[in-house]
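I have placed the structure first, in the form of structure tokens, so that the comments after it can refer back to it.
FYI, the numbering just counts along the sequence from 1. All of these numbers come straight from a predicted model, not from anything done at the bench.
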Amino acid sequence: MSAQQPPLPFHFQFIAGAIAGVSEILLFYPLDVVKTRAQISSGASVSILQSIKSIVAKEGPATLYRGIAAPIFVEAPKRATKFAANEQYTALFKKMFGLEKVTQSLAIATGVSAGITEAVLIVPFELVKIRMQDPKNATKYTSTMGAVKTIIKQEGALALYNGLEATMWRHALWNGGYFGTIFKVKDMLPAPTSKNEQLRNNFIAGTIGGTVGTMLNNPLDVVKSRIQGYSGEGPKKYNWAVPSLAIVAKEEGVAALYRGFAPKLLRLGPGGGVLLVVFETVTSFMRKNFMTQEQ
């Protein structure tokens, strides 16, 4: 993330991003289940605690981790791609535009580009996760691989890419907001003079970045969940992102575009801090212990 340091080789970035991503998902996955349940519902909203209590009481505590296999499988390449692609796009754009240092505009542009790259990779995994988290599919999909086989058999292999466009919008907005905010916040914070202060700055910047990204992309996340939740039963109501935004706003009110915002914010705000702290800690370790040998 530093302008003074050369980018790590891709394989180091990949490993660091993978470790950061898996750490974040293991800590915060139940909030993702609550978020998805809220987004695919058009009924009355309930609080996070009410939702968790209802899920545990009616379906058992294991349901809070239902569908975790799909994001775990993709989490390593997903988070690795988020950070590695951001680093690679930063180097590319600096060279392309003749920039010596990273600017906030460049941080936003590289974040958006990394988000789009990440989205293309994760769409099938996101779709399977959404289907598994939907309570109406509790008996239809009994396992992650079972869900994949059922979707391909009943809807065709291309159905795994339903919601690609909405996912690209969602990730472009989140990554642009996340990395752009991180750059600005780090610039505003006092320069760290110790490792603990560096970790503090990374957590603060990552948390604020995750919060801004969530505020920007929640409406796209709502329509993505609804597009990917459709399994071929009945008329298809949601298809492309922008028309779907208009349908939700018209039928349920603009506030409905922020369904699931609280659990998502609780996950991706602190989660963004965890991501950045773990990523920067691992990359610092790699720079210190492996970069000198490779150079």
Quiz item: Has Lys236 got more than 12 heavy atoms of other residues, nucleotides or ligands less than 6.0 Å from its NZ?
Solution: yes

Exercise. Mind checking the OG1-CE spacing from Thr117 to Met168? Nearest 0.5 Å is all I need.
Key: 8.5 Å

Exercise. Decide yes or no for Pro192 and Arg200: does some side-chain heavy atom of the first lie under 4.5 Å from some side-chain heavy atom of the second?
Key: no

Exercise. With side chain to side chain contact (heavy atoms under 4.5 Å, CB included) as the test, would you mind laying out the steps for Val212 and Trp174 before giving the verdict?
Key: CA-CA 8 Å; Val212 172; Trp174 198 88; over 6 Å; no

Quiz prompt | Note: Arg287-Glu280 ion pair, threshold 4.0 Å (strictly below) | solution = no

Quiz item: Which heavy atom in Phe179 sits nearest to a heavy atom in Gly111, and how many Å separate them?
Solution: CD1-CA, 3.8 Å

Practice problem: May I ask you to decide if Tyr178's main-chain N or O and Thr181's side chain share a donor-acceptor pair within less than 3.5 Å? | Solution: no

Quiz item: Which value, rounded to the nearest 0.5 Å, describes the distance between Thr36 atom OG1 and Arg226 atom CZ?
Solution: 12.0 Å

Quiz prompt | Gap separating the CG atom of Asn201 from the CD1 atom of Ile182, nearest 0.5 angstrom | solution = 12.0 Å

Quiz item: When rounded to the nearest 0.5 angstrom, what distance separates OH in Tyr141 from CZ in Arg66?
Solution: 10.0 Å

Practice problem: Working to the nearest 0.5 Å, report the span between CG of Leu31 and CG of Leu265. | Solution: 10.0 Å

Quiz item: If every non-hydrogen atom of Val278 is compared with every non-hydrogen atom of Ser23, which pair is closest and at what distance?
Solution: CG1-OG, 4.2 Å

Quiz item: With no hydrogens and no angle check, is any side-chain donor or acceptor of Ser51 less than 3.5 Å from a backbone partner on Ser47?
Solution: no

Exercise. Enter the distance from Thr150:OG1 to Lys140:NZ here, rounded to the nearest 0.5 Å.
Key: 7.5 Å

Exercise. Indicate yes or no: does Arg37 engage Asp134 in a salt bridge with an N to O separation below 4.0 Å.
Key: no

Quiz item: So, for Phe125 and Ala70, which heavy atoms are closest and what is the spacing to 0.1 Å?
Solution: CD2-O, 3.5 Å

Self-check item: Minimum side-chain heavy-atom gap Leu64-Tyr29 below 4.5 Å
Solution: no

Self-check item: Lys184 atom NZ, neighbour heavy-atom count above 12 within 6.0 Å
Solution: no

Quiz item: With a 4.5 Å heavy-atom cut-off, do Arg259 and Glu252 have their side chains touching?
Solution: yes

Quiz item: Any sub-3.5 Å donor-acceptor pair from Ser41's side-chain atoms to Ala38's backbone N or O?
Solution: no

Quiz item: Under a 4.5 Å cut-off applied to non-hydrogen side-chain atoms, are Glu155 and Ser231 in contact?
Solution: yes

Quiz item: Is there a side-chain contact between Leu106 and Leu99, using heavy atoms and a 4.5 Å cut-off?
Solution: yes

Quiz item: When you check the gap from the basic side-chain N to the acidic O, do Glu197 and Lys186 get nearer than 4.0 Å?
Solution: no

Practice problem: For the residue pair Thr167 and Gln228, establish whether any side-chain heavy-atom pair is separated by less than 4.5 Å. | Solution: yes

Quiz item: Going by an N to O cut-off under 4.0 Å, is there a salt bridge joining Arg131 and Glu126?
Solution: no

Exercise. Kindly indicate, with the supporting measurements, whether the criterion side chain to side chain contact (heavy atoms under 4.5 Å, CB included) is fulfilled by Tyr230 and Tyr238.
Key: CA-CA 8 Å; Tyr230 176 76; Tyr238 308 104; over 6 Å; no

Quiz prompt | Considering all heavy atoms, the nearest Gln39-Asn218 contact | solution = NE2-OD1, 4.1 Å

Quiz prompt | NZ/NE/NH1/NH2 to OD/OE distance under 4.0 Å, Asp32 and Lys264 | solution = no

Self-check item: CA sep, side-chain torsions, deciding dist, call: Lys224, His171, side chain to side chain contact (heavy atoms under 4.5 Å, CB included)
Solution: CA-CA 11 Å; Lys224 182 198 80 74; His171 285 263; 5.8 Å; no

Quiz item: Between Arg170 and Glu118, is there a side-chain N and carboxylate O pair less than 4.0 Å apart?
Solution: no

Practice problem: Take the angle between the ring planes of Phe261 and Tyr258 and call it parallel below 30°, perpendicular above 60°, tilted in between. | Solution: perpendicular

Self-check item: Trace of the side chain to side chain contact (heavy atoms under 4.5 Å, CB included) decision for Val102 with Lys94
Solution: CA-CA 8 Å; Val102 178; Lys94 282 172 69 177; 4.3 Å; yes

Quiz item: Hey, are the side chains of Ser225 and Asp221 touching, using non-hydrogen atoms and a 4.5 Å cut-off?
Solution: yes

Quiz prompt | Glu59/Lys53 salt bridge by N-O under 4.0 Å criterion | solution = no

Self-check item: For the student: nearest non-hydrogen atoms of Gly67 and Pro71, plus distance
Solution: O-CD, 2.8 Å

Quiz prompt | Smallest separation among heavy atoms of Ala241 and Ile227, with atom names | solution = N-CD1, 4.5 Å

Quiz item: Do Val112 and Asn175 have side chains that get closer than 4.5 Å, going by heavy atoms?
Solution: no

